[in-house]
Amino acid sequence: MAENISKVYEPQNFEKEIYAKWEADNNFHTTADAAGEPYSIVIPPPNVTGQLHMGHALDETLQDILIRYHRMRGFNTLWMPGCDHAGIATQAKVEESLREEGTNRYELGREKFLQRVWQWKEKYGSRIMYQLRTLGASCDWERERFTMDEGCSAAVKKVFITLYNEGLIYRGNRITNWCPNCNTALSDIEVDHVTEQGHLWHIRYKFKDSDDFIEIATTRPETMLGDTGVAVHPDDERYKKFIGRTLILPIVNREIPLFADEYVDKDFGTGAVKVTPAHDPNDFEMGLRHNLPQVKVINNNGTMADGLGKYSKLDRYECRKILVEDLKAAGYLVSTENHEHAVGHCSRCSTTVEPLVSDQWFVKMESLAKPAIDAVKTGRLKFVPERFTKIYINWLENIRDWCISRQLWWGHRIPAWYCDDCGEMTVAENVDECPHCHSKNLRQDEDVLDTWFSSALWPFSTMGYPNETAELKKFYPTSTLVTGYDIIFFWVSRMVMMGLKFQGDVPFKTVFIHGLVRDEFGRKMSKSLGNGIDPVEVIDKYGADSLRFMLVTGNTPGNDLRFSWQRVESARNFANKIWNASRFLLMNLENFDAAFQPADEDLTLADKWIISRLNRTAKLVTENLDKFELGESARLMYEFIWSEFCDWYIEMTKARLYGDDAKSKSTALYVLNYVLEKSLRLLHPFMPFLTEVIRQKLPNVEGSIMLAKWFEGGAIDEVAEGEMNLIVDAVKVIRNLKNEVGVEVRKKSEVILKPANTDAEKVLKSNVNYIIELAAAEPVTFAAEKPQHALAGVIEGVEIFLPLKGLIDMEKEIARLTKELEKLRKGIAMTEGKLNNEKFLAKAPADVVQSEREKLAAAQEKISSVESRIEQLKNL
RNA sequence: GGGAUUAUAGCUCAGAUGGUUAGAGUACUUCGUUGACAUCGAAGGGGUCACAGAUUCGAGUUCUGUUAAUCCCACCA
């Protein structure tokens, strides 16, 4: 069964093929009635705006690891894939391409425009799904969903109407964040506050019936055109006497009242605030309290409104400039000071947001938020790492109503109809005639819903809601949500609220939070910086397994991670190492009887040792996966395979494989195969392709590794591990000594061993072959006395001598041993310090004290032996 | 104005529940190419665990404060 296997690992040769085979064999698909406890994950649906970036690759890799792990453990495992329509973002993309064609959405009209967006969706949606396949994601593709497909749209309508009927959704004329560039309202969390250097302008407002004036301070002078009052604090001694009088608004010459309101901070600015109810949220509230009119002076597109004379149609910032000049010229401007303040920007396009009054739809959040807070407090929902719990709760406790209407075309249209005849509004799924007056003159609301409204329903809309399906019954609540900390507010919290409201349970039991993928310099990857790296480019170069391994190692849950080509390369080298270790085994497998089973007594110390190490590793890997410490699990596998299996065990088997003892050879091959095959299974969630392609070549293997049973590990053989430690340490000391005197490690040299006790002697004598082979020690003899002209090394259990005649510089050797002695004495001083401390003896646990005593004894033994060695050399 | 995270080897990072002389990868130095692998092997140098206190027999690990960096939240015009 000689296998032809290339000398180096070339993932390009097999990854695509293997994925196609998995898919063709239907390995990703499951049904609600399949056997096993349910384990389910819904994918955070990528936006159809473009292609996957490195952040997706991380998110998807983590999910795939959890999915593959649970599938192997025998769970009925479902990974639900899909895309998000990403309303505002996708619409912006399509509008951009229209602009390049010299047209726009208004020319096209709503219907034709939407056709264009659907074309875009088809193109990029399928591209994203292709990229996910390239990465190895084992999604249940038969269930692929889209937030605007029929089912999800039905869920959206049902939820909207239900919330409306319960009074939790309302329409209102409110002040909201408006993006003049995107031309739509935004929710509070779609506004980013950026600290900017601005000015505070002090302006005089004169009283109507006297020459007195009051000085106000503002950061936005252009809004004064819409002022309908000035407010001061009721207890402000400076202004008390003026309260109730009338002011003349400069430039505009409108009469406005001076009134008192608790909101005003006496210590800020001049203590007098101009009030513009139509363009400031606080002023809006004050306006309501004091019955002030709202005068809208800024249009939706950011220009000044009609009827403002020379200021009309000016851009809002241009107007500010001119107005300040005019105020100055007319003597109203008192002073201008620098002022740092936070300014809201559209999170999508960075345009400065304009607070505007308009008709919008809102969700009342308070009653929805309460159960979502309780779910975390009672432990029904857990965050990993835990610290995100606090952030989540804090946000929900201070939540405000959610503006869900967007003045866009791409999205779920709001199911509200207005009757042109009687003016009534009807919220329902389908309305043919007005239920109030039976008129047929109905217009559907022009607005669409915030993208996150449909995303909030994702865990149950994808499983068939509003129908009661077998999937919902089996897989809801889902097991784990894997996502970045950047969308806890946007998405996680809203899913929890909607899940609790409409399914009566949390949408997932655990939220596994990861960080952002940054570039090699720690900067955020972004289009504007042009520092983004396409995962597909990395996969083309190094393979999906290498990318996955790089993404999952070297970081801890919740923390950002840096992309590093060097680390991708090192992951690729690891893959190559496994590839070659397997190649080594396969090359030696000629004439191997696949049915061969060694008896326990045929196992050598090395065999028992590596099996024990495998068992220990499997246990740790499993434990860490269960704790979401995926990186630690991957690291453990790296260490086991490279440092123990390859560097030591494989080397130890070589003599047997090239030797004449057929049974010993078969046993070695059996153990090599056994350990490799188990290791591949443990590594499969991390490196699915490599582990599959190699395992397929091994004897006694049937079926895909992704359907193989997880290996949990068996008994640990402490005796074998202890004995092998002695051998390994001895080999290391010999190599070390050779290196120090410049003798080639592979050059055969005589070695003399002086065991410290009969146990050690027994172990060394029966396993001396390893020392001979791995340290090129020949001949190895045992002695009760120290030889004279020799290099010496001392480890616990044995003293080791290399009688390298002619190569040893006595002075140097004494110096080297003296240095070692110092090191040992330093260690002993510490241990003695502890043991001489009565409090330590009294308070430390018995086993700690005991182990300190043993340490001391062992160290003292080493010291005396090194000391006597030095004496001996001096006396030569 | 609140809050979170981070600070460990030149670089990137690990170091539950406090307990050998603090680890890995990478980089660096020395040595090594005939059979798994130079995408490799052997050996080595390199750290006052940001700073200052506290708790403890014992602190990289717990607590308090300080400093620095990053991020989130926040309607003082």
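Since we're looking at a predicted model, the values are computed, not measured.
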Nucleotide nearest A/N736 (side chain, heavy atoms from C-beta), chosen from B/G32, B/A43, B/A14: B/A43
Which base, if any, makes a Watson-Crick or G-U wobble pair with B/G41, both distances under 3.5 Å? B/C31
Tell me which nucleotide among B/A77, B/U30, B/U21 gets nearest to the side chain of A/T218. B/A77
Would you mind reading off the distance between A/R567 atom CZ and B/U26 atom P, rounded to a whole angstrom? 11 Å
Checking N1-N3 plus N6-O4 or O6-N4 for Watson-Crick, or N1-O2 and O6-N3 for wobble, each under 3.5 Å, the partner of B/C13 is B/G23
Taking the minimum atom-to-atom distance to the side chain of A/N837, which one of B/C57, B/U39, B/C72 wins? B/C57
Selection from B/C37, B/A14, B/U21 that lies nearest to any side-chain heavy atom of A/M830: B/U21
Is any NZ, NE, NH1 or NH2 atom of the basic residue among A/R562 and A/E520 found under 4.0 Å from an Asp or Glu carboxylate oxygen of the other? no
I want to verify a distance call: between B/A77, B/C72, B/A36, whose nearest atom is closest to the A/F489 side chain? B/C72
For B/G1, what is the paired nucleotide under Watson-Crick or G-U wobble rules, both distances under 3.5 Å? B/C73
Residue A/I391, side-chain heavy atoms: nucleotide from B/A4, B/U5, B/A36 that is nearest: B/A4
Please state whether the base of B/C37 and the side chain of A/K577 form at least one donor-acceptor pair under 3.5 Å? yes
Would you kindly give the CG-to-C1' distance between A/L516 and B/U5, to the nearest whole Å? 13 Å
note: A/Y263, atom OH; B/C76, atom C1'; distance rounded to Å ~ 5 Å
Nucleotide paired to B/A52 in any strand shown, Watson-Crick or G-U, under 3.5 Å: B/U64
From the options B/A4, B/U30, B/C57, select the nucleotide whose nearest atom is closest to the side chain of A/N739. B/U30
Does the B/A24 base have a donor-acceptor partner in the side chain of A/E632 within less than 3.5 Å? no
Closest approach to the side chain of A/F584, judged atom by atom: which nucleotide of B/C76, B/A36, B/U26 is it? B/A36
For B/A59, give its Watson-Crick or G-U wobble partner with both distances under 3.5 Å, or none. none
